[in-house]
Amino acid sequence: MRSITGLLAVVAGATFYLYLLSAFLPPVPVKLSRRDENGSPEGGSEESVEEVEEYRLKFPSDLEELRDLAAVLQYYKREHTTYVLVLFCSAYLYKQSFAIPGSSFLNMLAGALFGPWEGLLLACLLTTSGSTFCYLLSALFGKTYVVQMFPDKVSMLQSKVMCNRSSLFFFLLFLRFFPMTPNWFLNVTSPILNIPLPMFFMSVLIGLIPYNFICVSTGSMLSEISSLDDIFSWGTLSQLLAIACVALLPGALIRHYSQAHLKLEGLEHSDEEPLDPRKTR
């Protein structure tokens with residue numbers, strides 16, 4: 001009971017902090033054109049006026065909401081760079097720490113706000129930090145409950161960790177590159193499996209680079225796309241091809257290594273009782 005109370009206190013405190021950070025935004029000025037009743041510019045010329053619009057921040061759930069949020073934060077970033085950075089990092093860590101699905105949208109938002117390379121660096125650091133917080137929360141509050149809720153899954157992972165103890169780091173990389181087990185589940189079970197925190201940290205940092213790279217690059221491209229013609233341009237298609245090649249190369253190397261050195265029998269069939277496909281990342 002004490003562990004549940006402690007976890008709820010941490011969640012409540014983090015939620016209150018994030019609410020305070022996002023609730024007191026200054027109004028967003030929206031430039032409009034002054035027109036008459038017929039829709040024509042008044043006085044024969046179009047005059048730009050500013051109208052204040054309230055905008056309530058929320059986590060994006062689809063691409064349209066993502067683009068709207070990116071537009072608002074890009075406006076704020078011009079005048080309040082530090083605020084936007086703190087807000088983004090806080091929201092990302094909140095999602096990762098409490099295993100809330102939707103990190104792909106935040107990775108794309110990182111690409112739209114900070115560009116492909118700064119966004120990738122930020123996404124990798126935040127993914128790793130948030131996963132580490134999730135690891136620590138599980139170690140402090142959740143071990144007993146995770147085992148009670150998913151006894152078969154924990155037992156299967158425990159046996160595979162024991163079989164691959166001599167190549168444990170590469171086994172963890174394999175699980176990150178090819179998420180047969182959802183990443184959030186790996187985060188909460190790693191303390192139960194006695195995976196050392198430094199090894200866990202490095203496996204997340206390296207293992208999720210391809211996934212983060214794809215999402216951040218896509219977000220960077222989406223911020224520059226305004227029509228379907230832009231999507232099917234040769235420049236965009238060549239970027240997508242380059243992203244795919246770069247992202248697939250590390251996975252191919254890890255798979256080649258795993259076939260010779262790792263014991264993965266049975267792991268491929270561990271999805272007979274899927275946990276929740278929406279929480280894969």
Side-chain angles (χ1 to χ4, degrees), residues 1-8 10-11 92-104 106-107 127-212 215 250-251 254-255 257-259 261-281:
M1 185 64 184
R2 183 189 306 173
S3 57
I4 286 292
T5 304
L7 180 59
L8 290 176
V10 173
V11 173
Y92 202 115
L93 290 175
Y94 182 88
K95 270 185 163 292
Q96 284 292 115
S97 299
F98 302 123
I100 301 173
S103 63
S104 57
L106 290 184
N107 284 341
T127 300
T128 307
S129 300
S131 297
T132 302
F133 291 151
C134 188
Y135 176 107
L136 295 174
L137 288 173
S138 177
L140 290 172
F141 305 116
K143 281 186 175 182
T144 303
Y145 300 101
V146 172
V147 173
Q148 289 177 351
M149 293 175 65
F150 309 106
D152 295 336
K153 298 289 183 181
V154 173
S155 176
M156 180 273 297
L157 274 179
Q158 182 74 66
S159 65
K160 292 305 172 187
V161 166
M162 294 301 296
C163 290
N164 293 282
R165 182 62 67 177
S166 60
S167 303
L168 183 57
F169 182 71
F170 290 98
F171 176 69
L172 295 176
L173 283 184
F174 178 87
L175 293 180
R176 297 294 177 176
F177 279 122
F178 305 99
M180 300 169 186
T181 299
N183 280 298
W184 70 268
F185 190 69
L186 289 176
N187 295 341
V188 299
T189 54
S190 289
I192 302 169
L193 303 176
N194 295 318
I195 294 174
L197 184 58
M199 182 181 294
F200 172 86
F201 183 94
M202 293 306 299
S203 68
V204 177
L205 179 63
I206 299 173
L208 291 182
I209 286 178
Y211 171 76
N212 291 334
C215 294
I254 289 294
R255 179 173 284 278
Y257 178 89
S258 68
Q259 290 174 347
H261 298 85
L262 301 182
K263 299 177 181 178
L264 304 171
E265 294 81 4
L267 189 61
E268 293 84 349
H269 307 292
S270 65
D271 56 354
E272 292 176 358
E273 297 179 2
L275 298 173
D276 188 343
R278 294 174 301 173
K279 294 185 178 182
T280 300
R281 293 291 178 180

Legend entry - Min side-chain heavy-atom separation Val146-Thr189 under 4.5 Å: yes
Legend entry - Closest non-hydrogen atom pair, Asn187 against Ser131: ND2-OG, 3.4 Å
Legend entry - Residue pair Leu193 / Arg165: nearest heavy atoms and the distance that separates them: O-NH2, 3.8 Å
Legend entry - Steps toward side chain to side chain contact (heavy atoms under 4.5 Å, CB included) verdict (Thr132, Val204): CA-CA 9 Å; Thr132 302; Val204 177; over 6 Å; no
Legend entry - Leu7 side chain reached by Tyr145 side chain, heavy atoms, under 4.5 Å: no
Legend entry - Approximate separation, where rounding is to 0.5 Å, of Phe185 CZ and Ser138 OG: 9.5 Å
Inset, instruction - For residues Tyr211 and Thr127, determine if any side-chain heavy atom of one lies less than 4.5 Å from a side-chain heavy atom of the other. - result: no
Legend entry - Distance-minimising heavy-atom pair for Gly130 and Gln96: CA-CB, 3.5 Å
Legend entry - Gap separating the OG1 atom of Thr5 from the CZ atom of Phe141, nearest 0.5 angstrom: 9.5 Å
Inset, instruction - Could you please spell out the steps behind the side chain to side chain contact (heavy atoms under 4.5 Å, CB included) verdict for Leu197 and Leu136? - result: CA-CA 9 Å; Leu197 184 58; Leu136 295 174; 4.1 Å; yes
Inset, instruction - Would you mind reporting whether Phe171 and Ser203 have side-chain heavy atoms less than 4.5 Å apart? - result: no
Inset, instruction - Could you tell me whether Tyr94 and Phe98 have their ring centroids closer than 6.0 angstrom? - result: yes
Inset, instruction - Rounded to the nearest 0.5 Å, what's the gap from CG on Leu106 to CG on Leu93? Could you check? - result: 10.0 Å
Inset, instruction - Measure the CG-CE distance between Leu172 and Met199 for me, rounded to the nearest 0.5 Å. - result: 7.0 Å
Inset, instruction - Look at the rings of Phe200 and Tyr135 and say which category their plane angle falls in: under 30° parallel, 30 to 60° tilted, over 60° perpendicular. - result: tilted
Legend entry - Leu137 to Ser97 - nearest heavy-atom pair and separation: CD1-O, 3.6 Å
Legend entry - Thr128 side, atom OG1; Leu208 side, atom CG - distance, nearest 0.5 Å: 7.0 Å
Inset, instruction - Determine whether Met202 and Leu205 make a side-chain contact, defined as any pair of heavy atoms from C-beta on separated by less than 4.5 Å. - result: yes
Inset, instruction - Inspect the surroundings of CE in Met162 and state if more than 12 heavy atoms from other residues, nucleotides or ligands are less than 6.0 Å away. - result: no
Inset, instruction - For the residue pair Leu186 and Leu157, establish whether any side-chain heavy-atom pair is separated by less than 4.5 Å. - result: yes
